[in-house]
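One structure below.
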Amino acid sequence: MAPTNGSLPSTGLIVSFGEMLIDFVPTVSGVSLAEAPGFLKAPGGAPANVAIAVTRLGGRAAFVGKLGDDEFGRMLAGILEQNGVAVDGVLFDQGARTALAFVTLRADGEREFMFYRNPSADMLLTPAELDLDLIRSAKIFHYGSISLIVEPCRSAHLKAMEVAKAAGALLSYDPNLRLPLWPSAEEARTQIMSIWDQAEVIKVSDNELEFLTGSDRIDDESALSLWHPNLKLLLVTLGEKGCRYYTKSFRGSVDGFHVKTVDTTGAGDSFVGALLCKMVDDRSVIEDEAKLKGVLKFANACGAITTTKKGAIPALPTESEALIVLKGE
């Protein structure tokens, strides 16, 4: 549900663009999909996770994307609404199903994916279907890379970015690499990088850093090879080790929180939602290192909490839950 902790919502709207789907998570960790005795149905999709992460923390968010005109699609739209996310930009396709993903949880909580989307409704969003007024109202426009894989969604993605940028929105990019969805690793790298120099805030995981740079080193030199002139903030998340941050003026790291990890699904989205929620009305965060470190500590706490439950959206924390973790470190 939407936050009830008494905090006032931030005034700036964060619009999240892309896919929303159903994750089916095994009831038992450390087994293959074939060996799993059952699955827990969990709503997910990185851009939708980010939108709900924002509203759970007291912020304002809207989701733009396409769902199947089926029971799963209607359920997902309902979950967005229940969590206070604006659904003006959500469409339903009668000719395609809502995407499904089966997620194998290894014993360490890390994941492997099997997707059902041939095509799924999210892939069929067209530029003409975009709610341009909603996109223009965004202070931050957030997106991933899955919407770049095929047309017409790729063109819709590019159009939405163009409109948001022209209206003065800060562009936030989390590639959210899912190699099984791409025709090849080379195509994934090419398309992810095709919009790289337009984003002003970019978050990559340590694994994505290795993939995009072709290097097995997780260090400053590797990270800064991804820097571009329009970029204001580059973040590399390191799981329980926290994150590293890079701006035009300074760089550093913020430690993570040690928790009992059950499922890492949604941890990065929770981190991004927390960051954007704290930045949307105060862009000076990017220029003030002490302030940025405080925000990233909060984001790390939100990410850590999300790993303690199965599924992404059910595990996203409220601000009061994150503050308890911060106070108890």
Side-chain angles (χ1 to χ4, degrees), residues 12-21 44-55 59-68 73 76-77 80 85-93 96 98-99 117 119-178 181-182 188 190-203 228 230-233 269 272-273 275-277 279-280 283:
L13 179 66
I14 297 165
V15 174
S16 199
F17 175 93
E19 72 283 355
M20 189 176 192
L21 47 83
N49 293 343
V50 169
I52 293 177
V54 167
T55 59
R60 291 178 59 226
F63 177 72
V64 174
K66 199 176 222 187
L67 301 167
L76 291 176
L80 289 170
V85 176
V87 294
D88 310 58
V90 176
L91 297 108
F92 296 91
D93 195 299
T98 300
R117 55 196 303 268
S120 53
D122 61 286
M123 301 161 71
L124 303 177
L125 180 67
T126 69
E129 292 174 313
L130 292 170
D131 184 336
L132 298 182
D133 288 338
L134 174 63
I135 292 167
R136 289 189 185 103
S137 70
K139 273 199 170 181
I140 295 178
F141 185 71
H142 176 75
Y143 48 88
S145 69
I146 288 173
S147 45
L148 297 172
I149 297 173
V150 296
E151 292 291 359
C153 189
R154 176 178 165 77
S155 290
H157 182 139
L158 297 177
K159 176 69 172 178
M161 282 175 54
E162 176 189 335
V163 169
K165 180 66 174 176
L170 185 77
L171 298 188
S172 165
Y173 186 19
D174 176 1
N176 191 40
L177 177 67
R178 295 289 178 263
L181 291 176
W182 291 89
T190 297
Q191 295 299 339
I192 287 171
M193 297 305 295
S194 71
I195 60 169
W196 195 261
D197 63 357
Q198 297 179 60
E200 294 155 285
V201 175
I202 296 177
K203 191 281 287 186
H228 65 78
N230 294 325
L231 195 53
K232 293 182 169 70
L233 176 62
D269 305 326
V272 170
L275 169 71
L276 299 184
C277 197
M279 276 179 49
V280 67
R283 294 199 189 176

Any donor-acceptor pair under 3.5 Å from Q198 side chain to I195 backbone: no
Minimal non-hydrogen separation, A99 against R117, with atom names: CB-CB, 4.2 Å
Atom pair NE2/CD1 of H157 and I146 - distance to nearest 0.5 Å: 11.5 Å
CG-CG distance between L134 and L13, expressed to the nearest 0.5 angstrom: 6.5 Å
Closest contact, heavy atoms only, A188 versus L177: CB-CD1, 4.3 Å
Any side-chain heavy-atom pair of Y173 and I192 under 4.5 Å: yes
Any P119 side-chain heavy atom under 4.5 Å of L124 side chain: yes
Candidates D88, D131, L130 - the one meeting side-chain contact (heavy atoms from CB on, under 4.5 Å) with V64: L130
Atom pair CG (D122) and CG (D93), whose distance is rounded to the nearest 0.5 Å: 10.0 Å
Main-chain N/O of A199 paired to H228 side chain as donor or acceptor, under 3.5 Å: yes
S120 side chain near L21 side chain, heavy-atom distance below 4.5 Å: no
Closest non-hydrogen atom pair, R283 against L170: NH2-N, 3.4 Å
Rounded distance (nearest 0.5 Å) linking atom CG of L132 with atom NZ of K159: 6.0 Å
Main-chain N/O of D197 paired to N230 side chain as donor or acceptor, under 3.5 Å: yes
Any side-chain heavy-atom pair of S194 and R154 under 4.5 Å: yes
Atom of G68, atom of A121 and distance for their closest heavy-atom approach: N-CB, 3.3 Å
Worked check of side-chain contact (heavy atoms from CB on, under 4.5 Å) between K203 and H142: CA-CA 11 Å; K203 191 281 287 186; H142 176 75; over 6 Å; no
Flag side-chain contact, heavy atom, 4.5 Å: N176 against E19: yes
CG-OG1 distance between L67 and T98, expressed to the nearest 0.5 angstrom: 5.5 Å
Distance (rounded to the nearest 0.5 Å) between I140 CD1 and E200 CD: 9.5 Å
Closest approach of A62 to A51 (non-hydrogen atoms, all atoms of both residues): O-CB, 4.4 Å
Sub-4.5 Å side-chain heavy-atom contact between V201 and L275: yes
Side-chain heavy atoms of V50 within contact of Y143, under 4.5 Å: no
Any donor-acceptor pair under 3.5 Å from S145 side chain to P175 backbone: yes
Check: L76 and V90 side chains under 4.5 Å, non-hydrogen atoms: no
Minimum-distance pair of heavy atoms, taken over all atoms of V280 and K139: O-CD, 3.5 Å
